[in-house]
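Worth saying up front: this structure is predicted, and the values here are computed from it rather than measured.
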Amino acid sequence: MEFLNKVCVVTGGANGIGRCIVERFLAEGAKVVVIDMDNEAGRQLAACYDDKRLLFYHGDIADKAVLEDFAWKVVDRHRWVDCLVNNACVSRKGLLSSCAYEDFEYVLRVGVIAPYYLTNMLKSSLGPGASIVNISSTRAEQSQPNTESYSAAKGGVGALTHALSISLAGRARVNAISPGWIETSQQEAEPDKADMLQHPAGRIGTPADIAELALFLCSDKAGFLTGENIVVDGGMSRQMIYHGDHGWRFTPGDERDAR
């Protein structure tokens, strides 16, 4: 097993995509350290594994002191890091919600500053062949109304990724994943057929789609990949749609149709 006893750090790893990434690394024999604000979900996750394999840290990565303490605990426990997955992010919406200065700043602290600062603190502890994976989003390039805070953070992640890949050349490979529509709900309800069929791939994405790519990017198989941002959206961002295409119609002034 390639990841046996490798040390992987995942931010926002208690739920959704982050949790799936954590579980995938654990299944491959890695030791994982997770930080998340959701204490209950994090404790439930940790209870499923031996504490020598999984360490959960409850905290907000927007807080500099929390990040510093978390990084110290990672190094104190494991001495080195093989994989860092910067997954955590939030949204405080945007202009149409009167997103305040403090709200916008908070999103950028979580989504852009934290990945940079955590990488900076762990850079001297990166093991041979280390890999960093940043989770961006197709919203870095495409938007719906009222998404400024999240879109700006994810755009920053993309730029941070290629910059870090150059600064860390020879020490770690750095890549990003940009998910599209990923169904992270725990409910078993079947997605709407139209929602699935509008994707060229014929379905909505799952957390496993992202976790498998994260695992690949951290593996030796991706040894020649760095500085890249890989879009995983079932082909949605490649499909050009105008008024009248594929049954889609735009009625000016009607936001229900302007999707």
Side-chain angles (χ1 to χ4, degrees), residues 10-25 27 85-91 93-94 96-97 107 111 133-159 161-162 175-219 221-222 225 227-259:
V10 182
T11 69
N15 295 289
I17 291 172
R19 178 167 181 148
C20 192
I21 291 172
V22 168
E23 292 174 335
R24 192 67 187 87
F25 274 113
V85 181
N86 290 304
N87 167 72
C89 196
V90 295
S91 174
K93 298 187 177 180
L96 304 183
S97 296
V107 175
V133 176
N134 299 321
I135 305 300
S136 183
S137 171
T138 54
R139 289 185 183 272
E141 301 294 337
Q142 297 175 307
S143 292
Q144 292 174 303
N146 205 34
T147 62
E148 283 79 12
S149 63
Y150 189 79
S151 295
K154 291 305 185 180
V157 168
T161 296
H162 65 69
N175 292 288
I177 302 174
S178 284
W181 185 343
I182 304 297
E183 182 53 65
T184 59
S185 172
Q186 299 300 312
Q187 299 177 355
E188 297 296 328
E190 187 72 19
D192 186 271
K193 186 177 180 180
D195 290 332
M196 293 189 291
L197 292 180
Q198 71 174 329
H199 289 74
R203 66 175 176 87
I204 293 169
T206 69
D209 292 317
I210 308 305
E212 289 297 329
L213 180 54
L215 197 76
F216 169 74
L217 290 174
C218 290
S219 74
K221 299 181 184 68
L225 269 175
E228 292 301 316
N229 180 15
I230 302 174
V231 174
V232 185
D233 70 347
M236 280 293 291
S237 59
R238 294 301 186 187
Q239 180 167 275
M240 185 179 292
I241 299 180
Y242 290 105
H243 171 71
D245 286 349
H246 303 285
W248 187 93
R249 300 184 64 80
F250 174 70
T251 303
D254 188 345
E255 290 185 359
R256 291 174 301 175
D257 290 330
R259 293 181 299 170

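- Atom CG of Asn175 sits about 12.5 Å away from atom OG of Ser136, to the nearest 0.5 Å.
- Each of Asn134, Ile135, Asn86, Val85 was scored for a side chain to side chain contact (heavy atoms under 4.5 Å, CB included) with Thr11, with one residue passing: Asn86.
- Remark: the Ser237 side chain and the Thr138 side chain contain no N/O donor-acceptor pair separated by less than 3.5 Å.
- Across every non-hydrogen atom of Glu183 and Pro207, the tightest pair is O-CD, 3.3 Å.
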Please set out all donor-acceptor pairs under 3.5 angstrom arising from side-chain atoms of residues 208-217, sequence neighbours excluded.
| from | atom 1 | to | atom 2 | distance (Å) |
| --- | --- | --- | --- | --- |
| Asp209 | OD1 | Arg203 | NH2 | 3.0 |
| Asp209 | OD2 | Arg203 | NH1 | 2.9 |
| Asp209 | OD2 | Arg203 | NH2 | 3.4 |
| Asp209 | OD2 | Thr206 | N | 2.8 |
| Asp209 | OD2 | Thr206 | OG1 | 3.3 |
| Glu212 | OE2 | Arg24 | NE | 2.5 |

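- Here the CD atom belonging to Gln142 is positioned 9.5 Å from the OG atom belonging to Ser137, to the nearest 0.5 angstrom.
- Between Leu96 atom CG and Gln144 atom CD the span is 12.0 Å, to the nearest 0.5 Å.
- Between the CG atom in Asn229 and the NE2 atom in His162 there is a gap of 9.5 Å [rounded to 0.5 Å].
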Test side-chain contact (heavy atoms from CB on, under 4.5 Å) on Ile182 and Ile17; report intermediate values, then the result. CA-CA 8 Å; Ile182 304 297; Ile17 291 172; 4.1 Å; yes

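- Under a 3.5 Å cut-off, the side chain of Ser149 and the backbone N or O of Ser91 do not form any donor-acceptor pair.
- Considering all non-hydrogen atoms of both residues, Cys89 and Ala153 come closest at SG-CB, 4.1 Å.
- Annotation: side chain to side chain donor-acceptor pair (under 3.5 Å) contacts of Asn87 (sequence neighbours excluded): none.
- Not a single side chain to side chain donor-acceptor pair (under 3.5 Å) links Glu148 to another residue, sequence neighbours left out.
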Check step by step if side-chain contact (heavy atoms from CB on, under 4.5 Å) holds for Val133 and Cys218. CA-CA 8 Å; Val133 176; Cys218 290; 3.8 Å; yes

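- Ser151 approaches Ser143 most closely through the heavy-atom pair OG-OG, 3.3 Å.
- When all heavy atoms of Ala176 and Thr161 are compared, the pair lying nearest together is CB-OG1, 3.5 Å.
- Rounding to the nearest 0.5 Å places CH2 of Trp181 at 8.5 Å from CE of Met236.
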